[in-house]
Amino acid sequence: MPYSAQEAEAKWQSVWRERATFAAVTDPSRPKYYVLEMFPYPSGRLHVGHVRNYTMGDVVARYKRAQGFNVLHPMGWDAFGLPAENAAIAGGIHPKEWTYANIRVMRGQLQRMGIAYDWAREIATCHPDYYRHEQKMFLDFLKAGLAYRRESWVNWDPEEHTVLANEQVIDGRGWRSGAPVEKRLLSQWFLRITNYADELLDALKTLDRWPERVRIMQENWIGRSEGARVWWKLAGRPDKLEVFTTRPDTLFGASFVAVSPNHPLATTLAESNPPLADFIAECNRVGTSEAAIETAEKKGFDTGLKAVHPLDPNWKLPVYVANFVLMEYGAGALFGCPAHDQRDFEFAAKYRLPIVSVVRPRDADDSYHVGSEPYVDQGGVLFNSQFLNGLGVAEAKTAMIARLEKLGAGEGTVQFRLRDWGVSRQRYWGCPIPVIHCAKCGIVPVPEKDLPVRLPDDVTFDRPGNPLDHHPTWKHVNCPTCGGKAQRETDTFDTFFESSWYFARFCSPRAPIAFERRDVDYWLPVDQYIGGIEHAVLHLLYSRFFTRALRDCGYLDLAEPFAGLFTQGMVCHETYQDEAGNWLFPEEAMTGPDGAVAPGITVGRSEKMSKSKKNVVGLETITEQYGADTARLYLLSDSPPERDLEWTDSGVEGIWRYVNRLVRLVENAKLPPPGAAPADHPARRAIHRAIAAVTDDFDKFRFNRAVARIRELTNLLEDDGASLPPAVLREGIEAAVRLVNPIMPHLAEELWHGLGHATLLADQPWPMADAALLIDEFVKVAVQVNGKLRATIDLPRDADQDAASKAALAQEGVVRAIDGKSVRKVIVVPNRIVNLVV
RNA sequence: GCCGGUGUGGCGGAAUGGUAGACGCGACGGACUCAAAAUCCGUUUCUCGCAAGGGAGUGGGGGUUCGAGUCCCUUCACCGGCACCA
């Protein structure tokens, strides 16, 4: 009879729950280990693709616990967000109800998977007991000058009717809706993440347990570039024009100055210049998304103004308004040096501007002139450039900046691509921003005694826009300062606000303040964080910033929240479409004979499991048929954890067969009672090698290899079990059960119990490999002739070189390969290889 | 365009510069069975050969080395990030 996973899993889950086996208690006398998986948005039901990272986190948590660490492994819900509001609009269910209903379902699913969470620490970010603390944080940020309000052009998602941060715009589209983003001018709250640009960049170097890839992505996102501000006088006008450049060395090659269509100078000039106004309007009409498509077309409008070269009062350059100049970067203005910049080169060619070469390759002379391509290499030498002549590019930059500073015409500066984080969202289902707008007093923070500013429940979704704005009474309040009539801020925080500090709240989930100092000092940083690569710059950058902001407001003493980061691969599955192109669920497609794909259905390539393409396998489908352990082992087998995993029915069946083989192995073994000391036997070496290898694999996140080692061990015990001394067989079986425990904890408890133990396996220490048994007396040594394998020989361990080469030369295959030629050289790598060079 | 990653059997993938293909999936053959399922045993990189035994082989080309999937150069393909960023 096959193993009843249903029964065993329910039993052990209730034992763990009753004994509070996985409850974490702050205890500075013990070494701690904080394992965290990125908490989910409660969007509905989990499918098998969702639970891979929770399974990995659970293996780490159980493994570290067995090694004696005080483990914190919590779970919660990133519960604010748009889908809840969309559900309200579509189905008439309140976002709160929808969210909590989903939480109930998903909590049940995670519990069914047997993940060892300390459920007493569960949090939901939509609860006032959570979000009240971030309202306080915001007020502290405001005091510290880390939060501010300004009018700005924002990314507007026309589908979601809300603002998006730069990090949330992917290829000109909303990261969630996929709708082309528009530009709008709105008054918004911002957090000064740019204050920390240098620190966030520099500290990336210290994150040695983060994937290189994620660090590079953040580095690119922060986008530090060194250069200079240069101030240009405008002929006939009192004001100056500031431009930013990374190539101050090429200033003698300048041939034009260009400003953004949104530059104040352009706006001013357009007032009295209708064609320019038309040109600017045309530039703005082309949205961000279309601009990406039309990259080639560079357009400019000659304002007629002349800019005076900062190093030569007699040198005057035309001032253009140009569509390729971004208002948001640098000064919103630049000088063009066509000879040494691709984009300036194209612009100059189009408007017939001079192309003056000022940098030449080292092997060219001063008659050098750029041809059909600009010379952008920075390894060249300056010429045609007065005091810079003969200098390399780097020295020329320094020299030019020094000269500009002396003349008061510019200064060296560092420019970042990173912008401040806009956190205002015109949505209902988020944390209210705790400020009040008073006509008399301006912006007034909500007094701390009035926190939390609660989200009202009685809202309607019958018209577009923000329900908080439509609410009849909620926003009408008296000004805390003057007592006069005033209005609440109706915007709510970007939901990345909640996820920027939840890892700290888990340390003191029920504290009356955000978190207790004693708890965060002990538990933080998170030792191992696990989640998807899609948060490489969003959540992970915000959290790094937020932790620093909290540090500077006295909340904690920490800069980096996540000491170790692992980004897991996705779970993929084939996709199915019918003749009309509709996506089908696997169970809808597999209606042919023997579960084959039904006629007329197209099998598409394997893609990340997603609801929209319906290529998902429900979690219950697997747990009901095979149990949680089978799903857990499958999710960790075969593919390395950082790579994508292909979900197949036959793969799951293979795992299920293995589960039953393990059960039979234990059931059929004739064993002495627990505790029998095994006599020396060669099989013990294999057992202890397996323990050592699996331990190493778990340490290095190589779960697929750990699984292979465990299977090797159980294969050996199955094949040779009958001939092993019973005490040795017991040692081997117990080792296998204990090694597999972090991956299949229910089955392991069941087998442990079946082996006659009254203890809980979850409370047992991790098995130790006996170092003496890891060393073999005899080793297999490969014999090569000219690097080609010709034989293998068994030699005593650490046999000397002469003995090794003699044994090698005695081999029949070796003699044949040498074929009477003389041996010129013998390379002996002890215990590994003998290579004869002939 | 810039930056990064990955290329190994039919498939997923193993391999501190030292016996390439561990472990699995699939396939094929066999045992058990009236039959099937389940289970068990065996084969499974390609190629020549009845066999013994050869030869080739980690995207392509070159190099370093006694020895390269692994290191270096170059090239191709795919994946990811960034991008009128001055």
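Keep in mind that what you see is a predicted model, and the values were worked out from it rather than measured. Every chain is numbered from 1 and lettered A, B, ... according to where its sequence line falls, protein lines coming before strand lines.
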- Task: Classify the glycosidic conformation of B/G67 as syn or anti, calling it syn when the angle lies within 90° of 0.
- Result: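 Anti, which is what one calls it when the glycosidic angle falls more than 90° from 0.
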
- Task: Specify the separation, in whole Å, of atom OH of A/Y634 and atom P of B/G13.
- Result: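 Taking atom P of B/G13 as the reference, OH of A/Y634 is at 11 Å.
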
- Item | Length of the CG-P vector between A/N660 and B/C40, whole Å |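 In whole Å, B/C40 P lies 10 Å from A/N660 CG.
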
Between the protein and nucleotides 15-20 of chain B, list the N/O to N/O atom pairs that are separated by less than 3.5 angstrom.
from: B/A15; atom 1: OP1; to: A/R705; atom 2: NH1; distance (Å): 2.3
from: B/U16; atom 1: O4; to: A/R832; atom 2: NE; distance (Å): 2.8
from: B/U16; atom 1: O4; to: A/R832; atom 2: NH2; distance (Å): 3.3

- Looking at B/C84, does its base get a donor-acceptor pair with the side chain of A/K298 below 3.5 Å?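 Counting by modelled atom types and ignoring angles, a donor-acceptor contact under 3.5 Å is found here.
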
- Message: When you measure from the side-chain N and O atoms of A/R343 to the phosphate of B/C85, is any distance below 4.0 Å, counting only OP1 and OP2?
- Response: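 Affirmative; the distance criterion is met.
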
- Query: So, is A/R419 near the phosphate of B/C85, with a side-chain N or O under 4.0 Å from OP1 or OP2?
  - Reply: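 Answer no for this pair, as no side-chain N or O of A/R419 is under 4.0 Å from OP1 or OP2.
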
Students often get this wrong, so: under 4.0 angstrom with heavy atoms, is [X] touching a base, only sugar-phosphate, or nothing?
X      : value
A/D344 : nothing
A/R824 : nothing
A/N323 : base

- Between B/A86, B/G7, B/G81, which nucleotide has the shortest distance from any of its atoms to the side chain of A/R643?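 Per side-chain heavy atoms of A/R643, the pick is B/G7.
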
- Select one nucleotide: of B/A86, B/C23, B/C82, the one nearest the side-chain heavy atoms of A/W221.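 Closest nucleotide among those given: B/C82.
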
- Message: Is the distance from the ring center of A/F701 to that of A/F703 below 6.0 Å?
- Response: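 Ring centres of A/F703 and A/F701 closer than 6.0 Å.
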
- Check whether the side chains of A/T194 and A/D420 place a donor and an acceptor atom closer than 3.5 Å, and report yes or no.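 Looking only at side-chain atoms, A/D420 and A/T194 do form a donor-acceptor pair, the distance falling under 3.5 Å.
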
- Query: For A/M327, does its backbone N or O pair with a side-chain atom of A/N262 as donor and acceptor, under 3.5 Å?
  - Reply: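 Not a single qualifying donor-acceptor pair exists.
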
- Query: For A/Y375, does its backbone N or O pair with a side-chain atom of A/H340 as donor and acceptor, under 3.5 Å?
  - Reply: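 Side chain of A/H340 to backbone of A/Y375: a pair is present.
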
- Should we say atom CZ of A/R685 is surrounded by more than 12 heavy atoms from elsewhere, each under 6.0 Å from it?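 More than 12 heavy atoms, drawn from other residues, nucleotides or ligands, come within 6.0 Å of this atom.
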
All N/O contacts under 3.5 Å from nucleotides 25-27 of chain B to the protein, with atom names and distances to one decimal?
from: B/C25; atom 1: OP1; to: A/R657; atom 2: NH2; distance (Å): 3.2
from: B/C25; atom 1: O2'; to: A/S650; atom 2: OG; distance (Å): 3.3
from: B/G26; atom 1: OP2; to: A/R657; atom 2: NH2; distance (Å): 3.3

